[in-house]
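Beneath this line is the structure, given in C-alpha coordinates, with notes to follow.
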Amino acid sequence: MKRNLPQPVDSAFIKKANKVTVLQAIRESDSISRPTIAHKTGLSLPTVTRIVKSLINEDGLVVNTGVENARRGRPPDRLKFNGENNYVIGVDLGYTHIYGVLSNLNAKIISELRIPTQIRSDKMVVLKRVAEVVKYLIRQADVNRSRIFGVGVAVGGLIDKERNILKRNDDFNWDDVEISRILESWADLPVHFDNVTRVMALGELWYGIGRQYKNFICVNAGHGIGAGFIIDGRPFYGSIGMAGQIGCMMADPRSTLRCACGNYGCLAAIASGYGIAQAARQRLDAGDESSLRAQCEGDMGGITAEMVAHAANEGDQVARDVFFQAALNIGVSIASLIDIFGPQAVVIGGGLTLAGEMLFQPIRDAVNQRSLKQMAANVQILPATFGMKSAVMGALALILNDLLHLDIPIPGKRQSQEFPADTEAAKEPADISLAM
Ligand SMILES: [Zn+2]
(Lines give C-alpha, C1' and ligand atoms only; values in the text may rest on other atoms or scores of the structure.)
Protein backbone atom coordinates (compact mmCIF):
# COMPACT_ATOMS: atom_id res chain seq x y z
CA MET A 1 0.00 0.00 0.00
CA LYS A 2 1.41 3.37 -0.95
CA ARG A 3 1.49 5.63 2.04
CA ASN A 4 0.57 8.85 0.35
CA LEU A 5 -2.13 7.85 -2.03
CA PRO A 6 -5.60 8.77 -0.79
CA GLN A 7 -6.72 6.01 1.56
CA PRO A 8 -10.18 4.53 1.31
CA VAL A 9 -12.13 5.25 4.47
CA ASP A 10 -13.10 1.85 5.77
CA SER A 11 -14.46 0.57 9.03
CA ALA A 12 -11.19 -1.18 9.91
CA PHE A 13 -9.44 2.16 9.67
CA ILE A 14 -12.03 3.86 11.88
CA LYS A 15 -11.78 1.05 14.42
CA LYS A 16 -8.00 1.39 14.63
CA ALA A 17 -8.23 5.13 14.93
CA ASN A 18 -10.88 4.92 17.66
CA LYS A 19 -8.74 2.43 19.55
CA VAL A 20 -5.87 4.90 19.47
CA THR A 21 -8.17 7.68 20.63
CA VAL A 22 -9.38 5.61 23.60
CA LEU A 23 -5.87 4.47 24.54
CA GLN A 24 -4.61 8.05 24.41
CA ALA A 25 -7.44 9.20 26.67
CA ILE A 26 -6.44 6.50 29.16
CA ARG A 27 -2.74 7.28 28.85
CA GLU A 28 -3.24 11.01 29.36
CA SER A 29 -4.88 10.60 32.75
CA ASP A 30 -3.68 8.73 35.83
CA SER A 31 -6.91 6.80 35.95
CA ILE A 32 -10.19 7.22 34.11
CA SER A 33 -13.64 5.59 33.82
CA ARG A 34 -15.36 4.36 30.66
CA PRO A 35 -18.09 7.06 30.81
CA THR A 36 -15.43 9.77 31.16
CA ILE A 37 -13.58 8.34 28.13
CA ALA A 38 -16.84 8.38 26.17
CA HIS A 39 -17.43 11.99 27.21
CA LYS A 40 -13.86 13.01 26.41
CA THR A 41 -13.62 11.29 23.03
CA GLY A 42 -17.18 11.71 21.76
CA LEU A 43 -17.44 7.95 21.20
CA SER A 44 -20.49 6.02 22.39
CA LEU A 45 -20.27 4.13 25.69
CA PRO A 46 -20.79 0.70 24.02
CA THR A 47 -17.96 1.48 21.58
CA VAL A 48 -15.67 2.56 24.42
CA THR A 49 -16.59 -0.57 26.39
CA ARG A 50 -15.81 -2.82 23.42
CA ILE A 51 -12.46 -1.14 22.74
CA VAL A 52 -11.46 -1.19 26.42
CA LYS A 53 -12.25 -4.90 26.58
CA SER A 54 -9.84 -5.63 23.75
CA LEU A 55 -7.19 -3.30 25.22
CA ILE A 56 -7.39 -5.25 28.50
CA ASN A 57 -7.78 -8.81 27.23
CA GLU A 58 -6.00 -8.90 23.88
CA ASP A 59 -3.38 -6.14 24.04
CA GLY A 60 -2.72 -6.12 27.78
CA LEU A 61 -2.18 -2.38 27.53
CA VAL A 62 -4.90 -1.35 30.01
CA VAL A 63 -5.71 -2.54 33.54
CA ASN A 64 -8.61 -2.02 35.97
CA THR A 65 -7.52 -0.13 39.06
CA GLY A 66 -10.67 -0.06 41.19
CA VAL A 67 -13.87 1.92 41.43
CA GLU A 68 -14.73 5.55 40.96
CA ASN A 69 -16.65 7.59 43.52
CA ALA A 70 -20.15 7.93 42.15
CA ARG A 71 -23.19 9.27 43.99
CA ARG A 72 -25.54 6.52 43.02
CA GLY A 73 -25.69 3.24 41.18
CA ARG A 74 -22.78 0.90 40.65
CA PRO A 75 -19.59 2.93 40.55
CA PRO A 76 -17.72 2.56 37.23
CA ASP A 77 -14.31 0.87 37.18
CA ARG A 78 -11.26 3.06 36.83
CA LEU A 79 -8.83 2.21 34.06
CA LYS A 80 -5.12 2.77 33.78
CA PHE A 81 -2.49 2.51 31.05
CA ASN A 82 -0.47 -0.65 31.72
CA GLY A 83 3.06 0.56 31.19
CA GLU A 84 4.58 -1.57 33.95
CA ASN A 85 4.70 -5.07 32.53
CA ASN A 86 5.01 -4.29 28.83
CA TYR A 87 8.39 -3.65 27.31
CA VAL A 88 10.11 -2.14 24.30
CA ILE A 89 13.73 -1.95 23.17
CA GLY A 90 15.18 1.23 21.72
CA VAL A 91 18.49 1.44 19.86
CA ASP A 92 20.32 4.57 18.75
CA LEU A 93 22.57 3.44 15.89
CA GLY A 94 24.91 6.42 15.80
CA TYR A 95 28.13 7.26 14.00
CA THR A 96 30.31 6.67 17.05
CA HIS A 97 28.18 4.52 19.36
CA ILE A 98 25.37 2.00 19.42
CA TYR A 99 23.27 2.75 22.50
CA GLY A 100 20.40 0.46 23.46
CA VAL A 101 17.88 0.36 26.29
CA LEU A 102 15.12 -1.99 27.31
CA SER A 103 12.36 -0.15 29.14
CA ASN A 104 8.76 -0.58 30.15
CA LEU A 105 6.07 1.50 28.44
CA ASN A 106 6.32 4.11 31.19
CA ALA A 107 9.87 4.69 29.93
CA LYS A 108 11.47 3.18 33.02
CA ILE A 109 14.82 1.79 31.88
CA ILE A 110 15.39 -1.83 32.93
CA SER A 111 18.71 -2.49 31.15
CA GLU A 112 21.03 -0.49 28.92
CA LEU A 113 24.27 -0.88 26.95
CA ARG A 114 26.52 1.41 24.94
CA ILE A 115 29.24 0.08 22.64
CA PRO A 116 31.38 1.62 19.87
CA THR A 117 29.74 1.40 16.42
CA GLN A 118 32.96 0.59 14.54
CA ILE A 119 31.42 2.32 11.56
CA ARG A 120 34.35 1.53 9.27
CA SER A 121 33.46 -2.18 9.46
CA ASP A 122 31.21 -3.84 6.92
CA LYS A 123 27.56 -2.89 7.42
CA MET A 124 26.61 -6.48 8.26
CA VAL A 125 29.20 -6.41 11.05
CA VAL A 126 27.71 -3.17 12.40
CA LEU A 127 24.16 -4.57 12.26
CA LYS A 128 25.34 -7.75 13.96
CA ARG A 129 26.61 -5.52 16.78
CA VAL A 130 23.13 -3.99 17.05
CA ALA A 131 21.63 -7.49 17.31
CA GLU A 132 24.17 -8.37 20.02
CA VAL A 133 23.13 -5.26 21.99
CA VAL A 134 19.47 -6.34 21.75
CA LYS A 135 20.28 -9.85 22.96
CA TYR A 136 22.34 -8.50 25.86
CA LEU A 137 19.52 -6.16 26.93
CA ILE A 138 17.01 -9.04 27.00
CA ARG A 139 19.39 -11.27 28.99
CA GLN A 140 20.10 -8.54 31.53
CA ALA A 141 16.49 -7.46 31.98
CA ASP A 142 15.13 -10.90 32.82
CA VAL A 143 11.54 -10.04 31.82
CA ASN A 144 8.78 -12.02 30.12
CA ARG A 145 9.95 -12.08 26.52
CA SER A 146 6.40 -12.34 25.17
CA ARG A 147 5.72 -8.88 26.65
CA ILE A 148 8.52 -7.25 24.62
CA PHE A 149 6.70 -5.57 21.75
CA GLY A 150 9.66 -4.97 19.50
CA VAL A 151 12.84 -3.08 18.73
CA GLY A 152 12.89 0.55 17.55
CA VAL A 153 16.05 1.69 15.80
CA ALA A 154 17.04 5.32 15.26
CA VAL A 155 19.52 5.85 12.42
CA GLY A 156 20.69 8.85 10.43
CA GLY A 157 20.10 9.31 6.73
CA LEU A 158 17.42 9.12 4.08
CA ILE A 159 14.65 6.63 4.83
CA ASP A 160 12.45 5.26 2.07
CA LYS A 161 9.26 4.41 4.00
CA GLU A 162 7.59 2.85 0.97
CA ARG A 163 10.31 0.26 0.51
CA ASN A 164 11.17 0.24 4.23
CA ILE A 165 14.88 0.67 3.60
CA LEU A 166 17.63 3.04 4.63
CA LYS A 167 18.14 4.59 1.21
CA ARG A 168 21.36 6.43 1.90
CA ASN A 169 23.53 7.46 4.81
CA ASP A 170 26.41 9.67 3.66
CA ASP A 171 28.32 9.40 6.93
CA PHE A 172 28.09 5.60 7.07
CA ASN A 173 28.42 5.31 3.27
CA TRP A 174 25.47 2.87 3.25
CA ASP A 175 22.97 2.43 0.40
CA ASP A 176 19.67 0.50 0.29
CA VAL A 177 19.96 -1.31 3.63
CA GLU A 178 17.03 -3.46 4.75
CA ILE A 179 17.56 -2.77 8.43
CA SER A 180 14.29 -4.34 9.65
CA ARG A 181 14.61 -7.54 7.65
CA ILE A 182 18.23 -8.14 8.61
CA LEU A 183 17.78 -7.39 12.31
CA GLU A 184 14.52 -9.33 12.59
CA SER A 185 16.26 -12.45 11.32
CA TRP A 186 18.79 -12.16 14.16
CA ALA A 187 16.78 -10.64 17.00
CA ASP A 188 13.56 -12.65 16.57
CA LEU A 189 11.42 -9.60 17.41
CA PRO A 190 9.62 -7.05 15.21
CA VAL A 191 12.07 -4.29 14.26
CA HIS A 192 11.07 -0.79 13.17
CA PHE A 193 13.51 1.93 12.24
CA ASP A 194 13.32 5.54 11.21
CA ASN A 195 15.42 8.63 10.79
CA VAL A 196 17.06 9.53 14.09
CA THR A 197 15.75 13.09 14.22
CA ARG A 198 12.16 12.11 13.45
CA VAL A 199 12.57 9.41 16.07
CA MET A 200 13.72 12.05 18.58
CA ALA A 201 10.63 14.07 17.70
CA LEU A 202 8.48 10.99 18.36
CA GLY A 203 10.16 10.55 21.75
CA GLU A 204 9.31 14.14 22.62
CA LEU A 205 5.76 13.58 21.41
CA TRP A 206 5.29 10.49 23.60
CA TYR A 207 7.36 11.19 26.66
CA GLY A 208 8.55 14.79 26.47
CA ILE A 209 7.06 18.12 25.46
CA GLY A 210 4.40 16.46 23.30
CA ARG A 211 2.06 16.61 26.25
CA GLN A 212 2.07 20.41 25.91
CA TYR A 213 2.64 21.00 22.21
CA LYS A 214 1.09 19.44 19.11
CA ASN A 215 3.21 21.44 16.64
CA PHE A 216 6.91 21.41 17.17
CA ILE A 217 10.23 20.83 15.42
CA CYS A 218 13.13 18.75 16.72
CA VAL A 219 16.57 19.74 15.53
CA ASN A 220 19.35 17.21 15.98
CA ALA A 221 22.72 18.95 15.99
CA GLY A 222 25.37 16.29 16.35
CA HIS A 223 27.77 14.67 13.91
CA GLY A 224 25.30 15.81 11.21
CA ILE A 225 22.21 18.02 11.38
CA GLY A 226 18.59 17.03 10.76
CA ALA A 227 15.06 18.03 11.68
CA GLY A 228 11.93 16.11 12.64
CA PHE A 229 8.53 17.75 12.38
CA ILE A 230 5.47 17.02 14.51
CA ILE A 231 2.48 18.58 12.83
CA ASP A 232 -0.91 18.45 14.56
CA GLY A 233 0.37 15.72 16.86
CA ARG A 234 1.74 13.47 14.15
CA PRO A 235 5.18 12.98 12.60
CA PHE A 236 5.67 14.42 9.12
CA TYR A 237 7.37 12.10 6.59
CA GLY A 238 7.25 13.90 3.27
CA SER A 239 6.31 11.98 0.14
CA ILE A 240 8.24 8.77 0.87
CA GLY A 241 9.84 9.49 4.23
CA MET A 242 12.84 11.63 3.44
CA ALA A 243 11.64 14.98 4.82
CA GLY A 244 13.73 16.87 7.34
CA GLN A 245 17.17 17.05 5.73
CA ILE A 246 17.89 20.56 6.98
CA GLY A 247 21.60 19.73 7.11
CA CYS A 248 21.62 20.21 3.34
CA MET A 249 19.81 23.56 3.36
CA MET A 250 22.12 26.13 1.77
CA ALA A 251 23.69 28.19 4.53
CA ASP A 252 26.61 29.91 2.78
CA PRO A 253 26.80 29.87 -1.04
CA ARG A 254 30.40 31.18 -0.95
CA SER A 255 31.66 28.55 1.46
CA THR A 256 34.42 26.22 0.31
CA LEU A 257 33.54 23.70 3.03
CA ARG A 258 32.20 20.48 1.59
CA CYS A 259 29.13 18.62 2.82
CA ALA A 260 28.92 14.81 3.04
CA CYS A 261 26.29 15.08 0.25
CA GLY A 262 28.95 16.47 -2.10
CA ASN A 263 27.71 20.10 -2.21
CA TYR A 264 29.46 23.08 -0.73
CA GLY A 265 28.10 25.45 1.91
CA CYS A 266 25.29 23.21 3.24
CA LEU A 267 24.34 23.92 6.87
CA ALA A 268 25.93 20.64 7.98
CA ALA A 269 29.16 21.47 6.14
CA ILE A 270 29.73 24.52 8.34
CA ALA A 271 27.70 23.95 11.50
CA SER A 272 27.41 20.24 12.33
CA GLY A 273 29.95 18.39 14.44
CA TYR A 274 32.08 17.55 11.42
CA GLY A 275 31.32 20.99 9.93
CA ILE A 276 32.72 22.75 13.01
CA ALA A 277 35.80 20.55 12.89
CA GLN A 278 36.47 21.30 9.23
CA ALA A 279 35.77 25.04 9.70
CA ALA A 280 38.36 25.11 12.48
CA ARG A 281 40.82 23.20 10.28
CA GLN A 282 40.31 25.73 7.51
CA ARG A 283 41.15 28.59 9.90
CA LEU A 284 44.34 26.83 11.00
CA ASP A 285 45.26 26.11 7.37
CA ALA A 286 44.90 29.84 6.70
CA GLY A 287 47.52 30.46 9.40
CA ASP A 288 45.32 31.68 12.28
CA GLU A 289 46.83 31.18 15.70
CA SER A 290 44.87 28.94 18.05
CA SER A 291 45.43 26.62 20.97
CA LEU A 292 43.87 23.92 18.79
CA ARG A 293 47.13 23.68 16.84
CA ALA A 294 49.02 22.48 19.90
CA GLN A 295 46.12 20.35 21.08
CA CYS A 296 45.94 18.26 17.92
CA GLU A 297 49.75 17.93 17.90
CA GLY A 298 49.99 18.67 14.20
CA ASP A 299 47.33 16.11 13.27
CA MET A 300 44.71 18.50 11.92
CA GLY A 301 42.46 15.58 10.99
CA GLY A 302 42.20 14.82 14.70
CA ILE A 303 40.36 18.08 15.48
CA THR A 304 36.80 17.45 16.72
CA ALA A 305 33.83 19.72 17.48
CA GLU A 306 34.29 18.74 21.12
CA MET A 307 37.86 20.08 21.06
CA VAL A 308 36.64 23.29 19.41
CA ALA A 309 33.91 23.75 22.06
CA HIS A 310 36.43 23.10 24.83
CA ALA A 311 38.97 25.57 23.38
CA ALA A 312 36.18 28.16 22.94
CA ASN A 313 35.28 27.78 26.61
CA GLU A 314 38.92 28.36 27.51
CA GLY A 315 38.81 31.65 25.60
CA ASP A 316 40.49 30.66 22.32
CA GLN A 317 39.36 33.29 19.80
CA VAL A 318 39.45 31.12 16.66
CA ALA A 319 37.49 28.37 18.39
CA ARG A 320 34.99 30.92 19.72
CA ASP A 321 34.51 32.41 16.21
CA VAL A 322 34.02 29.00 14.62
CA PHE A 323 31.57 27.78 17.25
CA PHE A 324 29.65 31.07 17.30
CA GLN A 325 29.38 31.08 13.50
CA ALA A 326 28.05 27.51 13.56
CA ALA A 327 25.46 28.30 16.24
CA LEU A 328 24.40 31.42 14.37
CA ASN A 329 23.97 29.48 11.13
CA ILE A 330 21.87 26.85 12.88
CA GLY A 331 19.81 29.68 14.38
CA VAL A 332 19.25 31.34 11.00
CA SER A 333 18.06 28.04 9.52
CA ILE A 334 15.76 27.47 12.50
CA ALA A 335 14.39 31.00 12.03
CA SER A 336 13.40 30.05 8.47
CA LEU A 337 11.76 26.83 9.69
CA ILE A 338 9.77 28.82 12.24
CA ASP A 339 8.52 31.18 9.52
CA ILE A 340 7.51 28.22 7.34
CA PHE A 341 5.92 25.91 9.92
CA GLY A 342 4.81 28.23 12.73
CA PRO A 343 5.63 25.74 15.50
CA GLN A 344 4.94 26.22 19.21
CA ALA A 345 8.42 25.02 20.09
CA VAL A 346 11.77 24.06 18.61
CA VAL A 347 13.54 21.36 20.59
CA ILE A 348 17.28 21.04 20.08
CA GLY A 349 19.20 17.85 20.86
CA GLY A 350 22.40 16.14 19.78
CA GLY A 351 26.04 16.34 20.81
CA LEU A 352 26.45 20.07 20.13
CA THR A 353 23.96 20.86 22.91
CA LEU A 354 26.65 19.77 25.39
CA ALA A 355 28.10 23.25 24.72
CA GLY A 356 25.05 24.71 26.51
CA GLU A 357 24.44 28.46 26.18
CA MET A 358 27.36 28.80 23.77
CA LEU A 359 25.02 27.04 21.30
CA PHE A 360 21.61 28.18 22.55
CA GLN A 361 22.22 31.93 22.97
CA PRO A 362 23.24 32.62 19.34
CA ILE A 363 20.32 30.43 18.18
CA ARG A 364 17.83 32.41 20.30
CA ASP A 365 19.33 35.68 19.08
CA ALA A 366 19.13 34.57 15.43
CA VAL A 367 15.51 33.47 15.86
CA ASN A 368 14.60 36.79 17.48
CA GLN A 369 16.32 38.74 14.73
CA ARG A 370 15.39 36.66 11.69
CA SER A 371 11.97 35.11 12.31
CA LEU A 372 8.85 37.19 11.82
CA LYS A 373 8.50 38.81 15.22
CA GLN A 374 4.89 37.70 15.64
CA MET A 375 6.04 34.10 15.18
CA ALA A 376 9.24 34.38 17.23
CA ALA A 377 7.14 35.71 20.13
CA ASN A 378 5.13 32.49 20.18
CA VAL A 379 7.87 29.91 19.94
CA GLN A 380 9.91 28.28 22.70
CA ILE A 381 13.51 27.26 21.99
CA LEU A 382 14.17 24.31 24.31
CA PRO A 383 16.83 21.67 24.93
CA ALA A 384 15.72 18.09 24.21
CA THR A 385 13.89 16.63 27.21
CA PHE A 386 16.13 13.58 27.47
CA GLY A 387 19.49 15.10 26.55
CA MET A 388 21.80 12.53 25.01
CA LYS A 389 19.16 9.82 25.61
CA SER A 390 16.71 11.54 23.22
CA ALA A 391 17.29 9.22 20.27
CA VAL A 392 16.91 6.08 22.32
CA MET A 393 13.78 7.39 24.06
CA GLY A 394 12.44 8.12 20.61
CA ALA A 395 13.26 4.60 19.47
CA LEU A 396 11.03 3.31 22.27
CA ALA A 397 8.31 5.65 21.07
CA LEU A 398 8.77 4.33 17.54
CA ILE A 399 7.50 0.91 18.64
CA LEU A 400 4.59 2.44 20.54
CA ASN A 401 3.74 4.56 17.55
CA ASP A 402 3.64 1.48 15.38
CA LEU A 403 1.87 -0.65 17.95
CA LEU A 404 -0.91 1.90 18.13
CA HIS A 405 -0.94 2.62 14.40
CA LEU A 406 -0.37 6.28 15.12
CA ASP A 407 1.11 6.93 11.72
CA ILE A 408 -1.79 5.57 9.70
CA PRO A 409 -2.77 8.21 7.17
CA ILE A 410 -5.74 10.29 8.18
CA PRO A 411 -8.33 10.50 5.42
CA GLY A 412 -9.00 14.03 4.28
CA LYS A 413 -12.30 15.49 5.39
CA ARG A 414 -13.38 16.06 1.83
CA GLN A 415 -13.29 12.36 1.04
CA SER A 416 -16.45 10.35 1.20
CA GLN A 417 -17.27 9.30 4.75
CA GLU A 418 -20.21 7.08 3.93
CA PHE A 419 -20.54 3.72 5.56
CA PRO A 420 -23.08 0.96 5.29
CA ALA A 421 -25.68 1.97 7.88
CA ASP A 422 -25.48 -1.29 9.80
CA THR A 423 -21.76 -1.19 10.60
CA GLU A 424 -20.63 -0.06 13.98
CA ALA A 425 -18.22 2.36 12.39
CA ALA A 426 -21.17 4.21 10.86
CA LYS A 427 -22.41 5.13 14.30
CA GLU A 428 -19.06 6.45 15.42
CA PRO A 429 -17.92 9.96 14.62
CA ALA A 430 -15.83 9.97 11.47
CA ASP A 431 -14.17 13.19 12.47
CA ILE A 432 -11.59 11.38 14.50
CA SER A 433 -8.51 12.92 15.95
CA LEU A 434 -5.22 11.21 16.65
CA ALA A 435 -3.98 14.23 18.58
CA MET A 436 -2.29 13.19 21.79
ZN1 LIG B 1 24.70 18.70 1.96
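Atoms within each ligand, like the ligands themselves, are counted from 1 in listed order. Keep in mind that the numbers below use all heavy atoms, side chains included, and drop hydrogens, waters and symmetry copies.
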* Contacts of the Zn ion (ligand 1) with protein N/O/S atoms, counting only those under 2.8 Å -> Cys248 SG, Cys259 SG, Cys261 SG, Cys266 SG
* Asked: Using 30° and 60° as the class limits, which term best fits the ring planes of Phe172 and Tyr95: parallel, tilted or perpendicular?
  -> tilted
Locate the shortest heavy-atom distance separating [X] from [Y]; write the atom from each residue and the value.
X	Y	value
Ala376	Ser371	CB-CB, 3.9 Å
Ser103	Ile109	CB-CA, 3.9 Å
Thr353	Ile348	CG2-O, 3.5 Å

* **N-O pairing of Arg364 and Glu357 below 4.0 Å** => yes
* **Lys/Arg-Asp/Glu bridge criterion (N-O < 4.0 Å) met for Asp339, Arg370** => no
